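Structure first, then comments.
Along the sequence shown, residues carry numbers from 1. Counting starts at 1 for both ligands and their atoms, in listed order. Atoms considered below: every heavy atom in the structure, side chains included; atoms not considered: hydrogens, waters and symmetry mates. Bear in mind the structure is a predicted one, so any value in this text is a computation, not a measurement.
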Amino acid sequence: MGMIRGVGVSAGIAIGVIHVPDTAGHAVERRSPDDPQSEVERFRSARDAAVAQLKQLRDRTAAEFGEGKAELFDTHRLMLQDPDYVESIEDLITSSKVNAEFAVNSTAEQFAAMFAAMDNSYMQARAADVKDVSRRVINVLEGRRGGTAADTGGDSRIILAEDLAPSETVQLDRSKVLGFVTARGSANSHTAILARTMGLPAIIGIGDAFDPADDGRTAVIDGTSGLVFVDPDEKTLAEYQGRKAQFEEHLRLLQELKGKPTETKSGQQVRLYANIGRPSDVAAVLANDAEGIGLFRSEFLYLESEDWPTEEFQFEAYREVAQKMGDRLVVIRTLDIGADKQVGYFNLEHEDNPALGYRAIRICLTRPEIFKVQLRALLRASAYGNIAIMLPMITSVQEVRDAKKILDEVKDELRGGHVDFDERIQVGIMIETPASVIMADELAAEVDFFSIGTNDLTQYTLACDRQNPNLARFADPHSPAVLRMIRMAVEAAHRHNIWCGICGELGADLSLTDTFLRLGLDELSVPPASVLPLRNAIRNH
Ligand code: PEP
Ligand code: MG
């Protein structure tokens with residue numbers, strides 16, 4: 001048995017088999033097979049197996065996200081069946097007498113270079129696709145399971161990876177992933193936040209203890225203590241089975257708080273909302289009895305997509321969430337792309353300091369054609385529920401005015417087309433930069449609410465990159481500087497009679513619940529699994 005210590009970032013215990021995804025790819029060996037014809041046969045059957053995997057992924061994606069999202073896998077299947085692609089691989093095997101893996105890899109490189117050199121941005125984006133599908137075939141040839149972290153070969157697995165990008169994490173199928181462990185990462189990265197949103201036990205920062213040879217071994221992971229046991233002995237296994245049952249019992253007891261008001265013993269009420277990243281998270285919001293959604297990170301719709309999500313696709317996603325939440329408020333944050341949330345088709349330039357770079361509202365204000373598509377979708381969806389719009393990364397009154405001007409233009413266009421939307425839709429901002437706190441009085445006069453993003457507010461106030469695990473000791477969100485910022489924002493909001501909540505991870509920190517109640521926060525929005533523990537804490541206050 002091996003014991004590894006990492007940093008627990010999402011509570012819960014998982015016991016299961018490890019899957020090490022081959023996301024980064026690895027060098028492909030060149031060999032000279034004795035019988036090229038049987039190598040061609042090997043290629044054909046691997047290609048068929050990859051096509052079958054894609055069909056399964058397609059069906060699963062269609063069931064969870066709708067037909068639109070599943071189309072990508074059809075494109076991938078067609079690529080694998082493309083006669084030019086197949087002929088190029090088979091020719092290489094027979095004429096150059098090379099192994100199938102090498103021929104697939106060389107053809108992928110050649111096709112990708114050809115796509116990348118094209119004028120049209122749609123075709124350029126296909127370069128990544130051809131590499132992706134070819135990697136899938138190579139994995140089959142090498143006896144590996146699949147191409148991505150989301151692809152566990154149909155079995156429930158604990159994912160063990162060097163690192164997971166937010167875009168990979170958001171695609172994990174909760175019913176097939178028991179939890180994850182990564183070598184790198186930081187507690188406030190979006191990958192860790194997503195794990196908490198999805199209620200998956202997760203551990204980061206195991207560093208050099210990461211060993212891809214652990215693939216297929218049994219493991220126990222404890223997302224609270226950060227401990228990982230590979231090939232656990234019977235005593236450890238029994239102990240953790242017991243702890244897992246206790247954890248589940250604790251969750252079961254909390255279920256009794258469903259339907260009860262979120263109110264202190266002295267009658268102070270707080271609105272208890274949940275954070276989501278994609279429409280399917282609403283199930284967890286409802287199961288945990290959240291009173292609304294205080295943060296829908298809409299950029300995950302962009303991160304999951306291979307190309308610009310259309311107005312229609314976004315409209316369906318926002319409408320679905322709004323309808324499922326009925327009259328409960330759904331705060332949808334506009335696009336917060338940039339920094340750690342990178343999307344290929346945005347073609348963002350490399351930046352030395354991306355957290356201080358071209359991101360979020362800065363992209364929306366300089367590329368209104370992108371912003372308007374999202375605003376149209378949001379406004380149209382507002383006719384189906386109780387939606388509010390929230391602007392991220394605000395630093396000045398001018399940014400709010402500019403964003404509202406674009407919003408007004410979109411409203412006028414919709415009115416002109418007789419398209420329904422909620423004329424009284426609330427518009428709020430995230431308070432996550434020191435500038436927004438300093439300007440809180442002026443900003444409060446412009447908007448309907450504030451929601452404090454403590455993750456970025458901590459990063460920018462303390463000058464500590466939230467992605468850097470070496471700064472954990474300095475990036476303390478309990479710092480008086482951060483708490484004073486929170487107080488300043490709440491007080492300014494209340495002076496202007498608007499409501500103020502917290503949607504950063506600190507909202508779920510039970511050691512600060514008393515402080516937040518004293519400061520008079522009107523709303524706390526937390527990962528769905530934190531809703532009932534927080535209600536419990538508030539009711540006992
Ligand atoms: C925050 O910064 O606290 C926040 C809620 O936004 P995100 O974590 O997505 O940056
Ligand atoms: Mg933020």
Side-chain angles (χ1 to χ4, degrees), residues 9-10 165-167 169-170 185-198 204 273-278 281 290 292-304 330-343 353-364 388-395 399 428-437 449-468 475-479 481-483 485-486 489-490 500-509 512 516 521 523-528 530:
V9 291
S10 180
S167 56
T169 314
V170 75
S186 70
N188 258 343
S189 68
H190 284 93
T191 299
I193 289 173
L194 277 169
R196 293 191 282 272
T197 305
M198 294 157 97
I204 57 158
Y273 291 178
N275 297 343
I276 65 166
R278 56 184 185 179
D281 293 331
I293 291 176
L295 170 63
F296 178 175
R297 290 182 162 94
S298 72
E299 60 276 8
F300 285 111
L301 296 178
Y302 289 73
L303 279 173
E304 292 179 79
V330 177
V331 178
I332 304 184
R333 172 173 78 187
T334 59
L335 194 53
D336 188 7
I337 282 296
D340 62 322
K341 289 175 284 194
Q342 290 292 334
V343 182
N353 288 309
L356 303 181
Y358 185 54
R359 57 174 293 200
I361 196 73
R362 300 169 184 180
I363 298 183
C364 291
I389 294 177
M390 178 157 74
L391 309 169
M393 283 292 294
I394 293 295
T395 59
E399 286 162 356
I429 57 169
M430 293 209 50
I431 296 289
E432 53 184 346
T433 63
S436 65
V437 177
F449 63 92
F450 283 170
S451 185
I452 305 174
T454 51
N455 310 332
D456 277 319
L457 189 58
T458 303
Q459 150 164 276
Y460 297 124
T461 303
L462 303 180
C464 284
D465 179 355
R466 66 192 266 193
Q467 296 296 113
N468 188 337
D476 177 13
H478 288 210
S479 148
V482 177
L483 296 178
M485 289 264 178
I486 296 174
V490 185
C500 180
I502 291 182
C503 62
E505 296 297 294
L506 209 57
D509 184 332
L512 285 174
F516 295 151
L521 278 141
E523 177 246 21
L524 294 171
S525 190
V526 297
S530 296

Quiz prompt | Flag, side chain of S189 to backbone of A192, donor-acceptor distance under 3.5 Å | solution = yes
Quiz item: T433 side chain to I394 main-chain N or O, any donor-acceptor pair under 3.5 Å?
Solution: yes
Quiz prompt | S436 side chain vs I431 backbone, donor-acceptor pair below 3.5 Å | solution = no
Exercise. Give a yes or no answer on whether the side chain of E299 reaches the backbone of D336 with a donor-acceptor pair at less than 3.5 Å.
Key: yes
Quiz prompt | Any donor-acceptor N/O pair, S186 side chain to R466 backbone, under 3.5 Å | solution = yes
Practice problem: Between L457 and ligand 1, find which residue part has any heavy-atom pair under 4.0 Å and reply side chain, backbone, both or neither. | Solution: neither
Exercise. Could you tell me the angle subtended at the Mg ion (ligand 2) by OE1 of E432 and OD2 of D456, rounded to 10°?
Key: 100°
Quiz item: Would you say E432 and ligand 1 have an N/O pair spaced under 3.5 Å apart?
Solution: yes
Quiz prompt | Identity and separation of the nearest protein heavy atom to atom 5 (C) of ligand 1 | solution = R297 NH2, 3.5 Å
Exercise. Please indicate whether any nitrogen or oxygen in D456 is less than 3.5 Å from any nitrogen or oxygen in ligand 1.
Key: yes
Quiz item: Hey, is K341 touching ligand 1 through its side chain, its backbone, both or neither, going by heavy atoms under 4.0 Å?
Solution: side chain
Quiz item: For ligand 1, which atoms sit closer than 4.0 Å to a heavy atom of G504?
Solution: 3 (O), 5 (C)
Quiz item: Tell me: protein heavy atom nearest atom 6 (O) of ligand 1, and distance?
Solution: R333 NH1, 2.8 Å
Practice problem: Report the part of I452 in contact with ligand 1, treating N, CA, C, O as backbone and CB onward as side chain, heavy atoms under 4.0 Å; options are side chain, backbone, both, neither. | Solution: neither
Quiz prompt | Donor-acceptor pair, side chain of S525 and main chain of A274, under 3.5 angstrom | solution = yes
Quiz prompt | Contact with ligand 1 for R466, non-hydrogen, under 4.0 angstrom | solution = yes
Practice problem: Give yes if a backbone or side-chain nitrogen or oxygen of E505 is under 3.5 Å from a nitrogen or oxygen of ligand 1, and no if not. | Solution: no
Quiz item: Between N275 (side chain) and T197 (backbone), is there a donor-acceptor pair under 3.5 Å?
Solution: no
Quiz item: With atoms numbered from 1 as shown, which atoms in ligand 1 lie under 4.0 angstrom from a non-hydrogen atom of G453?
Solution: 1 (C), 2 (O), 3 (O)
Exercise. For I193, counting its heavy atoms only, list the atoms of ligand 1 lying under 4.0 Å from any of them.
Key: 8 (O)
Quiz item: What protein heavy atom sits nearest atom 7 (P) of ligand 1, and how far away is it?
Solution: H190 NE2, 3.2 Å
Practice problem: Would you check if the Mg ion (ligand 2) lies under 2.8 Å from any N, O or S atom of D336? | Solution: no
Exercise. Keeping the roles fixed (side chain from S298, backbone from R333), state whether a donor-acceptor pair exists under 3.5 Å.
Key: yes
Quiz item: Which atoms of ligand 1 sit under 4.0 Å from any heavy atom of L295?
Solution: 5 (C)
Self-check item: Backbone N/O of C503 and side chain of Y273: donor-acceptor pair under 3.5 Å
Solution: no
Practice problem: Would you mind telling me which of L524, I486, V526 makes a side chain to side chain contact (heavy atoms under 4.5 Å, CB included) with L506? | Solution: I486
